[in-house]
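As the structure lists them, so they are numbered: ligands from 1, and atoms in each ligand from 1.
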Amino acid sequence: MKIIVLGAGTIGVCTAWHLLELGHEVTVVERQAGAALETSFANGAQISVSYCEPWANKDAPLKALKWMLSKEAPLLFRPQNPFGPGLHQYSWGLQFLANCNDAAFERNVQQLVALGAYSHAALKEVVASTGIEYNRLERGIAHYYCDQKSFDTAGEAAALMRKYGVNRQVISKEEFFKIEPAYKQFAHQIVGGTITPSDESGDCLVFTQELAQRCVARGAEFLYEHSVERLETAGDAIHSVAVRALSAGAKGRNVPGSIRLIKADHVVVAAGSYTAPLMRTVGVNLPIYPGKGYSATFKILKPELAPFVSTIDDAKKVAISRLGDQLRVAGTIEVGGFDLTLDSSVAQARCHMLSRRIEEVLPGVCDTRTEAQGGQPNYWTGLRPATPTNIPYIGQSPVRGLWVNAGHGTLGWTHGAGSGKAIAELIHGKKPEMNFKFYGAQA
Ligand SMILES: Cc1cc2nc3c(=O)[nH]c(=O)nc-3n(C[C@H](O)[C@H](O)[C@H](O)COP(=O)(O)OP(=O)(O)OC[C@H]3O[C@@H](n4cnc5c(N)ncnc54)[C@H](O)[C@@H]3O)c2cc1C
């Protein structure tokens with residue numbers, strides 16, 4: 001069958017790859033000049049099957065209220081005009097609140113663990129069959145706590161995860177330093193940790209771009225620098241996609257600004273946060289809302305002192321991952337619309353917090369100098385396609401032949417390979433082997 005994939009982030013490219021594996025003809029439409037240039041560009045790099053707790057939990061509303069006063073807070077709700085662009089934000093917020101209870105939390109964890117396990121296996125298959133190298137480190141993910149009260153709750157969370165087959169162990173401070181000695185310089189602050197040995201880390205951008213090249217080698221067409229203008233329907237089914245050429249293209253064949261219709265048997269929308277506005281044009285309302293996050297990537301100055309094990313800093317809720325000769329720190333979420341600015345006072349406070357934290361926990365290991373100090377920090381921001389449950393929409397929409405693979409929020413890199421494989425199987429008429437509630441499937 002002929003299938004169009006909208007979006008060449010990690011989700012769209014993994015979708016394309018798995019459709020090719022099943023023998024389909026694939027066209028990918030992407031507005032950027034290459035793959036993974038938006039949210040999949042500089043994320044926390046963690047393949048985090050075992051740390052997948054949704055943001056919505058019973059303590060989240062109170063914490064979010066308290067955090068509204070701090071520019072550096074891990075979760076920041078920035079209210080928009082409810083009679084304008086804020087309408088979808090409020091409706092998303094209400095659905096988020098409805099998930100802030102133990103029953104919903106546990107239900108959501110179960111789904112996320114199932115998708116994570118399926119996805120990890122799919123990632124390993126792709127890596128084994130393609131040989132892609134992307135600064136992968138199969139060293140687990142370690143999580144450290146800096147206050148006793150938070151560490152005391154770690155056991156409860158680990159027990160819940162073990163109930164669903166996840167191997168998360170609570171470890172003492174001494175055990176933590178045996179696993180990752182790099183943080184010994186910060187030993188006076190750390191009270192203990194947890195470890196999930198089967199998790200890993202690696203560069204999502206490199207992986208996705210390499211996979212996109214392999215898709216092209218297998219015959220997929222990538223229409224880069226083409227924006228999706230409209231979805232055209234005929235009756236209750238998808239008919240075609242109207243795409244606009246944004247440039248003349250590498251071979252100079254396109255007329256910039258021109259629009260053409262491309263037809264296919266099926267269309268998969270994998271446009272990250274932009275999936276929701278696109279789907280609304282055909283009357284399908286999905287609660288996918290941008291969750292702005294930040295990362296900073298630093299040159300490692302002292303390789304012998306830099307960590308190999310990918311880490312979560314509980315106090316600041318940031319992920320720290322080594323990518324070759326660089327160290328990436330990423331985190332925080334801001335629910336405040338389609339805003340990609342890096343120069344606002346909130347954005348600057350959040351970016352500087354990342355630099356400061358790396359200097360605190362790994363003093364002198366990286367070049368963390370800010371612009372004011374004469375440095376060139378590599379700050380970045382991306383919009384996580386967040387759902388109120390953290391569970392993505394994978395499946396067929398009410399418009400026949402129009403599929404969705406979006407809403408992966410904080411875990412799109414972790415869930416990318418499996419989500420791509422699952423949607424390809426669904427389109428192919430095969431039921432994916434996992435206990436997951438697919439979008440549009442009968443209960
Ligand atoms: C700070 C931060 C840290 C993170 N850390 C991790 C982590 O450690 N582990 C993890 O698993 N996940 C992490 N994530 C989440 C992960 O990065 C995302 O879930 C994932 O990148 C989403 O991929 P995507 O393909 O859905 O979206 P995107 O990568 O945004 O891809 C969507 C694509 O669609 C294209 N597009 C949109 N609209 C149109 C249009 N109209 N026409 C043409 N093209 C269009 C865009 O250009 C884009 O390339 C993190 C995210 C952030 C922001």
Side-chain angles (χ1 to χ4, degrees), residues 4-16 28-49 51-52 112 115-116 119-120 123 141 199-205 207-208 212 222-231 241-244 246 268-278 281 288 290-297 310-312 317-321 328-334 338 340 350-351 354 379-387 390 392-394 404-420:
I4 304 172
V5 179
L6 307 181
T10 202
I11 303 298
V13 172
C14 288
T15 301
V28 181
V29 184
E30 167 57 54
R31 62 185 170 198
Q32 299 288 349
L37 295 181
E38 295 211 359
T39 317
S40 306
F41 186 75
N43 64 24
Q46 296 189 327
I47 296 295
S48 175
V49 176
Y51 288 106
C52 62
L112 292 164
L115 179 58
S119 203
H120 205 178
L123 176 68
I141 295 180
D199 284 337
E200 48 181 279
S201 60
D203 195 328
C204 178
L205 166 69
F207 173 86
T208 307
F222 275 66
L223 297 175
Y224 287 124
E225 295 184 290
H226 280 77
S227 76
V228 176
E229 294 293 302
R230 292 187 307 280
L231 301 171
V241 180
V243 300
R244 182 191 293 273
L246 300 175
V268 182
V269 184
S273 294
Y274 299 87
T275 300
L278 199 54
T281 63
I288 299 175
K292 186 178 185 183
Y294 300 84
S295 73
T297 307
S310 186
T311 320
I312 300 168
K317 307 271 185 276
V318 294
I320 303 170
S321 299
R328 166 89 41 84
V329 53
T332 77
I333 183 163
E334 221 174 294
F338 288 87
L340 278 167
R350 288 165 109 69
C351 289
L354 297 175
Y379 294 135
W380 169 84
T381 182
L383 301 176
R384 298 178 187 87
T387 65
N390 276 43
Y393 288 87
I394 306 171
V404 175
N405 195 0
H408 294 75
T410 52
L411 289 170
W413 171 217
T414 304
H415 292 160
S419 300

So do the side chains of Asn405 and Ile394 get within less than 4.5 Å of each other, counting heavy atoms only?
->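 Counting from C-beta outward, Asn405 and Ile394 do come under 4.5 Å.
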Pairwise side-chain contact, Leu411 with Cys52, heavy-atom cut-off 4.5 Å (strictly under) =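 Side-chain contact under 4.5 Å: yes.
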Enter the distance from [X]:[atom1] to [Y]:[atom2] here, rounded to the nearest 0.5 Å.
X      : Y      : atom1 : atom2 : answer
Asn390 : Thr410 : CG    : OG1   : 4.5 Å
Leu115 : His120 : CG    : NE2   : 12.5 Å
His226 : Leu246 : NE2   : CG    : 7.5 Å
Leu205 : Phe41  : CG    : CZ    : 5.5 Å
Ile288 : Thr275 : CD1   : OG1   : 5.0 Å
Lys292 : Arg350 : NZ    : CZ    : 8.5 Å

Just distances here: any N/O of [X] and N/O of ligand 1 closer than 3.5 Å?
X      : value
Ala8   : no
Gly382 : no
Gly44  : yes
Thr414 : yes
Gly412 : yes
Gly331 : no
Glu38  : yes

Any atom of ligand 1 sitting under 4.0 Å from a heavy atom of [X]?
X      : value
Leu37  : no
Ala36  : no
Ala319 : no
Ala406 : no
Ser48  : no
Glu229 : no

Quick one: nearest non-hydrogen protein atom to [atom], plus distance?
atom                    : result
atom 17 (O) of ligand 1 : Asn43 ND2, 3.0 Å
atom 27 (O) of ligand 1 : Gly272 CA, 3.6 Å
atom 26 (O) of ligand 1 : Ile11 CG1, 3.3 Å
atom 15 (C) of ligand 1 : Gly409 O, 3.1 Å
atom 10 (C) of ligand 1 : Thr410 O, 3.3 Å
atom 31 (O) of ligand 1 : Gly9 CA, 3.3 Å

Shortest reach to [atom] by a heavy atom, considering only [options]:
atom                    : options                      : result
atom 42 (N) of ligand 1 : Val228, Thr39, Val241        : Val228
atom 8 (O) of ligand 1  : Arg31, Gln46, Arg384, Lys292 : Gln46
atom 33 (C) of ligand 1 : Arg350, Glu30, Gln32         : Glu30

So, does [X] use its side chain to make a donor-acceptor pair with the main chain of [Y] at under 3.5 Å?
X      : Y      : answer
Gln46  : Thr311 : yes
Trp413 : Ser201 : no
Thr10  : Ser40  : no
Ser295 : Ala330 : no
Thr414 : Val49  : no
Ser321 : Gly44  : yes

If I compare all heavy atoms of [X] with all of [Y], which pair ends up nearest, and what's the gap?
X      : Y      : value
Tyr224 : Ala212 : OH-CB, 3.9 Å
Arg384 : Gly331 : NH2-C, 3.8 Å
Arg328 : Thr297 : NE-OG1, 2.7 Å

Near [X], which atoms of ligand 1 are under 4.0 Å from a heavy atom of that residue?
X      : answer
Gly293 : 1 (C)
Tyr294 : 1 (C)
Ala45  : 7 (C), 8 (O)
Gly7   : 33 (C), 34 (O), 35 (C)
Ser40  : 20 (C), 21 (O), 23 (O), 25 (O), 28 (P), 29 (O)
Leu411 : 10 (C), 11 (O), 12 (N)

Side chain to side chain contact (heavy atoms under 4.5 Å, CB included) between Val13 and Phe207, worked out = CA-CA 10 Å; Val13 172; Phe207 173 86; over 6 Å; no
Where do Val241 and Val29 land on the side chain to side chain contact (heavy atoms under 4.5 Å, CB included) test, with the steps shown first?
-> CA-CA 10 Å; Val241 180; Val29 184; 5.5 Å; no
Taking 4.0 Å as the limit for heavy-atom contacts, which would you say applies to [X] with ligand 1: side chain only, backbone only, both, or neither?
X      : result
Trp413 : both
His226 : backbone
Phe41  : neither
Leu278 : neither
Ala271 : both

